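Right, one structure below, let's go through it.
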Amino acid sequence: EHLHTQELSIPPGSCIQYTFPPLFFYRPNLWWPNGMGKQSLYTVVITVDVKDYGESDSWSHLFGFRKIESTIDEATGGRLFKVNGEPIFVRGGNWILSDGLLRLSDKRYSTDIKFHADMNLNMIRCWGGGLAERPEFYHYCDIYGLLVWQEFWITGDVDGRGDPISNPNGPLDHDLFLVCAMDTIKLLRNHPSLALWVGGNEQIPPDDINIALKNNLKLHPYFESMGGV
Amino acid sequence: MVEIGKKKLDSGWIAARSTEVDLNGVQLTTTHPPSTTDLSSPWIEAVVPGTVLGTLLKNKLVPDPFYGLNNETIIDIADSGREYYTFWFFTTFQCALLEHQHVDLNFRALNYSAEVYVNGHIRILPKGMFRRHSLDVTDILHPDGQNLLAVLVNPPDHPGKIPPQGGQGGDHEIGKDVAAQYVEGWDWMTPIRDRNTGIWDEVTIFVTGPVKIVEPHLVSTFYDNYERAYLHCTTELENRSAWAVDCSLNIQVTADLEGNFCLV
């Protein structure tokens with residue numbers, strides 16, 4: 001059930017998109033945030049073998065089955081989170097980066113994130129004035145059960161506030177911002193710890209950026225029609 | 001034979017301030033590769049991945065900015081000019097490909113833009129701190145021997161000035177670029193003098209056969225109160241050869257059990 005092979009023919013010099021038939025899992029081990037259960041992870045391996053050549057490429061990633069929902073509570077204005085249908089009391093830590101000289105070693109990420117888990121936190125918010133964090137950061141958040149609130153690179157203090165008032169229209173090159181955003185989304189989207197994308201810190205991005213981000217991050221219509229839990 | 005897969009280029013890098021290097025990228029990667037053995041050489045051991053400031057610190061050319069008031073003694077890019085923190089990075093690597101193999105040179109992030117030279121061939125990397133760059137270098141590698149790689153890294157276009165009173169985001173100029181904004185200083189952080197210029201995330205070479213797997217996307221859906229689940233996977237496949245290929249695409253999902261046992 002958890003294995004599928006498909007024979008394909010690809011024209012020369014071309015790029016195709018292929019969607020596997022959905023793989024069925026009966027009562028999968030779910031991925032839970034720190035304190036709510038285990039961080040069960042499955043290894044997904046994709047390989048492509050070319051006739052008369054052999055293995056041509058291979059890709060693998062840890063995958064966690066989880067469903068994260070969040071809504072704004074009308075009474076308090078706060079954001080309520082559910083993971084796998086269960087409400088979660090979020091205890092979050094604010095994160096800028098591991099080191100101001102960007103010495104972002106694997107060991108450093110492992111230690112820093114385990115420390116957050118040991119402090120009984122279950123979410124890390126990556127502030128918009130810092131980094132889109134690296135896959136190694138997300139890897140350890142997957143392992144230790146830290147949900148990640150990832151902001152894009154807009155801050156009110158630089159984009160629209162300050163003295164004198166800074167440019168409220170965000171970065172000069174909006175297309176460049178969106179190229180970087182879309183590439184970042186593709187880099188990080190398969191991590192189960194990734195819980196929420198946010199446009200920026202204390203600031204809504206310029207309209208065109210905000211609309212483009214919302215469009216690019218909204219659920220694919222196929223999954224909207226897939227029913228639910 | 002080169003196996004398919006990724007190899008990190010994270011050692012053997014050297015660096016030099018661009019204003020102290022008289023050679024261009026073509027010369028550096030063909031006839032005049034740099035050396036650190038000459039005492040008058042501007043080339044120093046480099047930190048890659050890392051920032052220019054990290055490289056200067058490794059060579060004890062600046063004090064550690066995070067101790068005491070050391071940061072005050074390091075010249076800020078607003079005062080030095082952007083060229084002071086514009087650096088060449090150089091390394092060599094081996095990669096003997098088989099017929100029908102392809103190799104990409106990947107930068108997972110650098111700040112802010114760069115010129116890349118491989119064996120005398122130039123590739124321009126566009127601006128942006130948070131984007132990946134992938135260069136197909138198959139046709140320009142030396143099949144039997146060393147490949148020379150030089151990267152000229154430019155700082156952000158708008159590094160800004162730090163006002164005497166400091167303040168969040170300095171003079172706000174950095175907000176014009178798609179880059180980290182804390183680098184002009186914040187209420188929790190002193191200004192970063194080089195604005196984090198550098199090849200700050202991993203550099204790799206990635207070898208594939210004729211067909212490459214590109215950006216797989218994994219999504220799950222649930223039914224019957226999580227009794228049933230489906231894993232959905234979409235991927236792109238790029239055929240880099242000049243002929244139509246028949247291939248077998250395979251996906252396998254395994255669960256790691258305790259004690260190094262694996263459930264298939």
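Here is how names work: the chains are called A, B, and so on, in the same order as the sequence lines, proteins then strands, and each is numbered from 1. Keep in mind the model is a prediction, meaning the values are calculated, not measured.
Distance check, rounded to the nearest 0.5 Å: CD of B:E215 to CG of A:N190 gives 9.0 Å. Atom OG of residue A:S58 and atom CD of residue B:E3 lie 11.5 Å apart, to the nearest 0.5 angstrom. Atom-to-atom distance recorded for B:E238:CD and A:S56:OG is 10.5 Å, nearest 0.5 angstrom. To the nearest 0.5 Å, atom CG of residue A:L131 and atom CE of residue B:M129 are 5.5 Å apart. Between atom CD of residue B:E202 and atom CG of residue A:D106 there is a gap of 10.5 Å, rounded to the nearest 0.5 Å. Interatomic distance, CG of A:N94 versus CH2 of B:W188, reported as 9.5 Å (0.5 Å rounding).
In summary, of the residues considered (A:F65, A:F223, A:F25), a ring-ring contact (aromatic ring centres under 6.0 Å, His included) with B:H232 occurs for A:F223 alone.
Contacts between residues 179-186 of chain A and chain B, counted as heavy-atom pairs separated by less than 4.5 Å, involve A:V179, A:C180, A:D183, A:T184, A:K186. Taking 4.5 Å as the heavy-atom cut-off, the residues of residues 193-201 of chain B that approach chain A are B:N196, B:W200, B:D201, ordered by number. Within residues 153-166 of chain B, the residues having any heavy atom under 4.5 Å from a heavy atom of chain A are, by residue number, B:H158.
Side-chain atoms of B:Y226 come within 3.5 Å of backbone atoms of A:G85 as a donor-acceptor pair (strictly under, hydrogens ignored). Of the possible donor and acceptor atoms, one in the side chain of A:D57 sits under 3.5 Å from a partner among the backbone N and O of B:I213. Side chain of B:H172 to backbone of A:D157: a donor-acceptor contact under 3.5 angstrom is found. Side-chain atoms of B:N239 come within 3.5 Å of backbone N or O of A:P11 as a donor-acceptor pair. The closest donor-acceptor contact from the side chain of B:N250 to the backbone of A:T47 lies at 3.5 Å or more, if one exists at all.
Considering only heavy atoms from C-beta on, A:I10 stays 4.5 Å or farther from B:W243 through its side chain. Looking at heavy atoms from C-beta onward, B:L249 lies out of side-chain contact with A:T5 at the 4.5 angstrom threshold. Residues B:R108 and A:P135 have side chains in contact (heavy-atom distance under 4.5 Å, counting atoms from C-beta outward). In this structure the side chain of B:L231 never reaches within 4.5 angstrom of the side chain of A:F20, judged on heavy atoms. Contact check for B:K176 versus A:P171: no side-chain heavy atoms found under the 4.5 Å cut-off. Using a 4.5 Å heavy-atom threshold, the side chains of B:H217 and A:R189 count as touching. Using a 4.5 Å heavy-atom cutoff, the side chains of B:K127 and A:L176 are in contact.
Contacts of B:E184 with chain A are absent, with no heavy-atom separation under 4.5 Å from either backbone or side chain. Residue contact with chain B, scored on non-hydrogen atoms closer than 4.5 Å, involves the side chain of A:L104 exclusively. Only the side chain of A:Y53 comes within contact range of chain B, with at least one heavy atom under 4.5 Å from a heavy atom of that chain. Of the atoms belonging to A:N169, not a single heavy atom falls under 4.5 Å from chain B. For B:L237, the parts lying near chain A are the backbone and the side chain together; criterion is any non-hydrogen pair under 4.5 Å. Proximity to chain B is absent for every atom of A:N167, based on heavy atoms less than 4.5 angstrom apart. Proximity to chain B is limited to the side chain of A:F63, based on heavy atoms less than 4.5 angstrom apart. Contact of A:I154 with chain B is made through the backbone alone, with heavy-atom distances under 4.5 Å.
In plain terms, the two heavy atoms of B:G175 and A:V158 that are nearest each other are CA-CG1, 3.1 Å. A pairwise comparison of heavy atoms in B:S220 and A:R66 identifies OG-O, 3.9 Å as the closest pair. Heavy-atom minimum distance, B:Y182 versus A:G100: OH-O, 3.4 Å.
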> Passes side-chain contact (heavy atoms from CB on, under 4.5 Å), A:E55 versus B:I4? Steps please.
Replying inline: CA-CA 8 Å; A:E55 187 170 280; B:I4 65 165; 3.3 Å; yes

> So B:Q181 and A:N201, side chain to side chain donor-acceptor pair (under 3.5 Å) or not? Walk me through it.
Replying inline: CA-CA 11 Å; B:Q181 301 183 355; A:N201 165 58; over 6 Å; no

> For B:I251 and A:L3, what are the C-alpha separation, side-chain angles and deciding distance, and is it a side-chain contact (heavy atoms from CB on, under 4.5 Å)?
Replying inline: CA-CA 6 Å; B:I251 185 170; A:L3 180 69; over 6 Å; no

> Can you check side-chain contact (heavy atoms from CB on, under 4.5 Å) on A:Y18 and B:T234, steps first, answer last?
Replying inline: CA-CA 6 Å; A:Y18 178 74; B:T234 295; over 6 Å; no

> What do the steps show when you test B:D246 against A:V50 for side-chain contact (heavy atoms from CB on, under 4.5 Å), and what is the final call?
Replying inline: CA-CA 6 Å; B:D246 293 321; A:V50 172; over 6 Å; no

With a cut-off of 3.5 Å and sequence neighbours excluded, list every side-chain donor-acceptor pair involving residues 51-58 of chain B.
residue	atom	partner	partner atom	Å
B:T51	OG1	B:G54	N	3.1
B:T55	OG1	B:V47	N	2.9

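A donor atom on one side chain and an acceptor atom on the other are not found under 3.5 Å apart for A:D49 and B:S248.
Within 6.0 Å of CD in B:E45 there are 12 or fewer heavy atoms belonging to other residues, nucleotides or ligands. For CG of A:L196, the number of neighbouring non-hydrogen atoms (other residues, nucleotides, ligands) closer than 6.0 Å is greater than 12.
Ring-plane geometry between A:F24 and B:Y230 is classed as tilted, the angle between the planes lying from 30 to 60 degrees on a 0 to 90 degree scale.
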